[in-house]
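Single-structure report; data block below.
Everything quoted here is computed from the prediction, not taken from an experiment.
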Amino acid sequence: METKYIFVTGGVVSSLGKGIISASIGRLLQARGYKVTIQKFDPYINIDPGTLNPYEHGECYVTEDGFETDLDLGHYERFTGIHTTRNNSITTGRIYKTVIDRERRGDYLGKTIQVVPHITDEIKRRMLREDEKEEQLDFVITEVGGTIGDIESAPFMEAIRQLRWQLGRSAVCVHLTYVPYLKAADELKTKPTQHSVKELQGMGIQPDILVLRTERHLDDHMRMKVASFCNVDLECVVQSEDMPSIYEVPVNMQKQGLDAAILRKIGIPVGETPAMKSWHDFLNKQRNAKREIHIGLVGKYDLQDAYKSIRESLILAGIYNDVKAKLHFVNSEEITRENVAEKLEGLAGVVICPGFGSRGIEGKIIAAEYTRTHDIPTLGICLGMQMMVIEFARNVLGYKDANSREMDEKTPHNVIDIMEEQKSITQMGGTMRLGAYDCELKEGSRVYQAYFGGEKGKLKGGKPTISERHRHRYEFNNAFTNEYESKGMKCVGINPAANLVEIVEIPEKRWYIGTQFHPEYSSSVLNPHPLFLSFVKACLS
């Protein structure tokens, strides 16, 4: 069949969960046998989120092809298992840069460049994925960031208006709004939703389906009221109540017929409701997990979204180990030698989190020393791995001044050094070592067991090889490899092309592993990452 397009917009307030709804729609359509992809259009002018502080926009998610994207792409991948690319994340900055670059080349032959039609045409081209040469897609789901009425999102709304007219029944608009509960009046209020839809209609877009975000159940009378005032069929008014877990949302949406409503609007026979057995099996494991395990996240960003993929990877790994992972943020800026025992008290395991810059690194180093000497399972990711390496150099190799060139350019013991290809780079955005790279594992190592168990693994050149995603400028300094190996920290994962140390571990510890790559980007609901599974299992032993 020809590709169908679903546009997901939001109104009233931000942070309602458009990404979760988009991912849920994708999961439900996949369950019906359709091939889907999901893309995010963000109205901000940054080319990508790569230079944004996590406090501004949460974590920066990295695709396999090395593009820095919005964290919602993490939800898309975790829910659907699809591999997104740079073409799944578009910003106003990328749109304008493309148009301006064309203008500078003279492609427009002297015409005046305007928002309409030039910017909107480029947005439409991207929404239709005209540059993609992938196999035929059944559905393209497009989430537009921000809230209806935001001045910066107007070109995106105009593009959707034009596409709705152009595509006819091949396009559907799903609008997510908020129905607040006023405690003093003991009432749910639909007026914000009515105003949001009216604003959308004023832009020339009539929503086909409304998803009402609510903290309390909406009865049929309330749904009928919304349907009547917003010109939407009753069966197309769906409520998204607070759920115990975001992974319950697809099932909740299916029960209310969201996927069926989309198919009917497009003119596709609905057929039988898919069983989604594997998803329900996962949810049953989640509901039946009674035991709790407490894991610390040692980092400098006291913000849940800053480590979103790590948090979700740990939660998923907990579920598959039949436990509830309770995560505790430990601010590395506040850790000292005097209080580290108190800060990490009661934790079954610790993750030394990634990041950039010198703020909070001494606390990470102290935490790494404490978990190493007290044999607490520890996973260091990217900068976290580098802090484990520095700690080992200072306290085991005896190099008290050991450091990273990122923190101290003059350190004589630069156990972490800048990558050779990074030395001539001056711009920040999109210039790091990004995307998926191969890593050969040392047979018999703990990471080899985690990835492959007793099996031989994927052989490339006769060696067990994995592929993981990266986001860094600095690397382990191979000049110190022999010293580390002789003192007990083994280099057990090597990139064959660059001879870059990707993984270090201390075999005699219960579980003490650092990875230069980001395993959290590759963990999904139905395929949790083996390193996180192994880490949580070690925390339980």
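Ion pairing between Lys40 and Asp42 holds under the 4.0 Å rule for side-chain N and carboxylate O. No salt bridge links Asp305 with Arg311; every basic N to acidic carboxylate O contact stays at or beyond 4.0 Å. Ionic pairing of Lys277 and Asp281 is present here: one or more N-O contacts between side-chain nitrogen and carboxylate oxygen are shorter than 4.0 angstrom. Look at Asp242 and Arg213 and you find a salt bridge, because one of the NZ, NE, NH1 or NH2 atoms lies within 4.0 Å of a carboxylate O, short of that distance. Salt-bridge check for Arg471 with Glu68: passed, with a basic side-chain N closer than 4.0 Å to an acidic carboxylate O. A salt bridge between Arg264 and Glu235 is present, with a side-chain N of the basic residue lying under 4.0 Å from a carboxylate O of the acidic one. Residues Lys35 and Asp138 are not paired through a salt bridge, judged by the lack of any N-O separation under 4.0 Å between the basic side chain and the carboxylate.
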Evaluation steps, side chain to side chain contact (heavy atoms under 4.5 Å, CB included), between Lys4 and Leu167: CA-CA 9 Å; Lys4 311 299 181 184; Leu167 296 168; over 6 Å; no

Test log, rule salt bridge (Lys or Arg N to Asp or Glu O under 4.0 Å), inputs Asp48 and Arg86: CA-CA 10 Å; Asp48 58 53; Arg86 63 187 62 241; over 6 Å; no

Side chain to side chain contact (heavy atoms under 4.5 Å, CB included) between Asn87 and Phe67, worked out: CA-CA 9 Å; Asn87 293 324; Phe67 197 72; over 6 Å; no

Verdict with supporting geometry, His75 and Glu143, side-chain hydrogen bond (donor to acceptor under 3.5 Å, both in side chains): CA-CA 12 Å; His75 291 311; Glu143 176 194 349; over 6 Å; no

Test side-chain hydrogen bond (donor to acceptor under 3.5 Å, both in side chains) applied to Thr69 and Ser89, step by step: CA-CA 6 Å; Thr69 72; Ser89 178; 4.8 Å; no

Step-by-step side chain to side chain contact (heavy atoms under 4.5 Å, CB included) determination, Val144 to Met157: CA-CA 9 Å; Val144 178; Met157 295 301 106; 3.7 Å; yes

Intermediate values then yes/no, ring-ring contact (aromatic ring centres under 6.0 Å, His included), Tyr437 and Phe517: CA-CA 9 Å; Tyr437 290 87; Phe517 53 77; over 10 Å; no

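Under the 3.5 Å distance criterion, the side-chain polar atoms of Ser524 are matched with a main-chain donor or acceptor of Asn527. Judged by distance alone, with hydrogens and angles left aside, the side-chain atoms of Gln39 form a donor-acceptor pair with the main-chain N or O of Met127 at under 3.5 Å. Judged by distance alone, the side chain of Asn252 and the main-chain N or O of Glu248 form no donor-acceptor pair under 3.5 Å. A donor-acceptor pair under 3.5 Å links the side-chain atoms of Thr91 to the main chain of Ile47, judged by distance alone. Between the side chain of Arg223 and the backbone N or O of Leu234, at least one donor-acceptor pair lies under 3.5 Å. Judged by distance alone, with hydrogens and angles left aside, the side-chain atoms of His518 form no donor-acceptor pair with the main-chain N or O of Glu520 at under 3.5 Å.
Heavy atoms from other residues, nucleotides or ligands lying under 6.0 Å from CE of Met224 number 12 at most. The number of heavy atoms from other shown groups lying within 6.0 Å of NZ (Lys124) is above 12. Glu2 CD: 12 or fewer foreign heavy atoms inside a 6.0 Å radius. For Phe229, the CZ atom is loosely surrounded, since the number of other residues' heavy atoms within 6.0 Å does not exceed 12. Enclosure of atom CD1 in Ile113 by more than 12 non-hydrogen atoms of other residues, nucleotides or ligands within 6.0 angstrom is indicated. The environment of NE2 in His221 is sparse: at most 12 heavy-atom neighbours from other residues, nucleotides or ligands sit within 6.0 Å.
Among residues two or more places apart in sequence or in another chain, the side chain to side chain contact (heavy atoms under 4.5 Å, CB included) test is passed with Ala184 by none. For the side chain to side chain donor-acceptor pair (under 3.5 Å) test, residues two or more places apart in sequence or in another chain that qualify with Arg102 are Glu122. Residues meeting the side chain to side chain contact (heavy atoms under 4.5 Å, CB included) test with Asp259, sequence neighbours left out: Leu28, Arg32, Gln254. By the side chain to side chain donor-acceptor pair (under 3.5 Å) test, Thr84 pairs with Glu77, sequence neighbours left out. In this structure Ile151 satisfies the side chain to side chain contact (heavy atoms under 4.5 Å, CB included) test with no other residue, sequence neighbours excluded. Looking at residues two or more places apart in sequence or on another chain, you find a side chain to side chain donor-acceptor pair (under 3.5 Å) between Glu502 and His470. Applying the side chain to side chain donor-acceptor pair (under 3.5 Å) rule to Ser313 yields no partners; only residues at least two apart in sequence or on another chain are considered.
Stacking of Arg469 on the aromatic ring of Tyr521 is not recorded, the 6.0 Å distance cut-off and the 45° axial limit not both being met. By the 6.0 Å and 45° rule, Arg78 does not stack over the aromatic ring of Tyr76.
Side-chain atoms of Phe532 and Ile315, non-hydrogen and from C-beta on, never get closer than 4.5 Å to each other. Using a 4.5 Å heavy-atom cutoff, the side chains of Ile352 and Thr378 are in contact. Using a 4.5 Å heavy-atom cutoff, the side chains of Thr214 and Tyr181 are not in contact. Looking only at side-chain heavy atoms (C-beta outward), Glu215 and Tyr178 come within less than 4.5 Å of each other. At a threshold of 4.5 Å between non-hydrogen side-chain atoms, the residues Val447 and Leu531 count as touching.
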With a 3.5 Å cut-off and sequence neighbours excluded, list the donor-acceptor pairs that the side chains of residues 195-205 form with protein atoms.
from: Ser196; atom 1: OG; to: His175; atom 2: NE2; distance (Å): 2.8
from: Gln201; atom 1: NE2; to: Gln206; atom 2: OE1; distance (Å): 2.7

Please list, one pair per line, the donor and acceptor atoms closer than 3.5 Å that link side chains of residues 11-25 to other protein atoms, with sequence neighbours excluded.
from: Lys18; atom 1: NZ; to: Gly146; atom 2: O; distance (Å): 3.2
from: Ser22; atom 1: OG; to: Lys18; atom 2: O; distance (Å): 2.9
from: Ser24; atom 1: OG; to: Ile20; atom 2: O; distance (Å): 2.7

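Partner of Val172 under the side-chain contact (heavy atoms from CB on, under 4.5 Å) criterion, out of Leu263, Ile141, Ile266: Ile266 alone.
For residues 289-300, the set of pairs meeting the side-chain hydrogen bond (donor to acceptor under 3.5 Å, both in side chains) definition, not counting sequence neighbours, comprises His294-His328. Among residue pairs with one or both ends in residues 147-160, those qualifying as salt bridge (Lys or Arg N to Asp or Glu O under 4.0 Å) are Glu158-Arg161; sequence neighbours excluded. A salt bridge (Lys or Arg N to Asp or Glu O under 4.0 Å) check over residues 163-183, counting only residues at least two apart or in different chains, returns the pairs Arg164-Asp208.
Side-chain contact check for Thr515 and Glu468: no donor-acceptor pair (N or O, by modelled atom type) lies under 3.5 Å. Inspection of the Thr98 and Arg126 side chains reveals an N or O donor paired with an N or O acceptor under 3.5 Å. Donor-acceptor pairing under 3.5 Å is lacking for the side chains of Glu312 and Ser523. With 3.5 Å as the limit, one finds a donor-acceptor pair spanning the side chains of Ser534 and Trp511.
Under the 30°/60° scheme for interplanar angles, the aromatic rings of Tyr301 and Tyr307 are found to be tilted.
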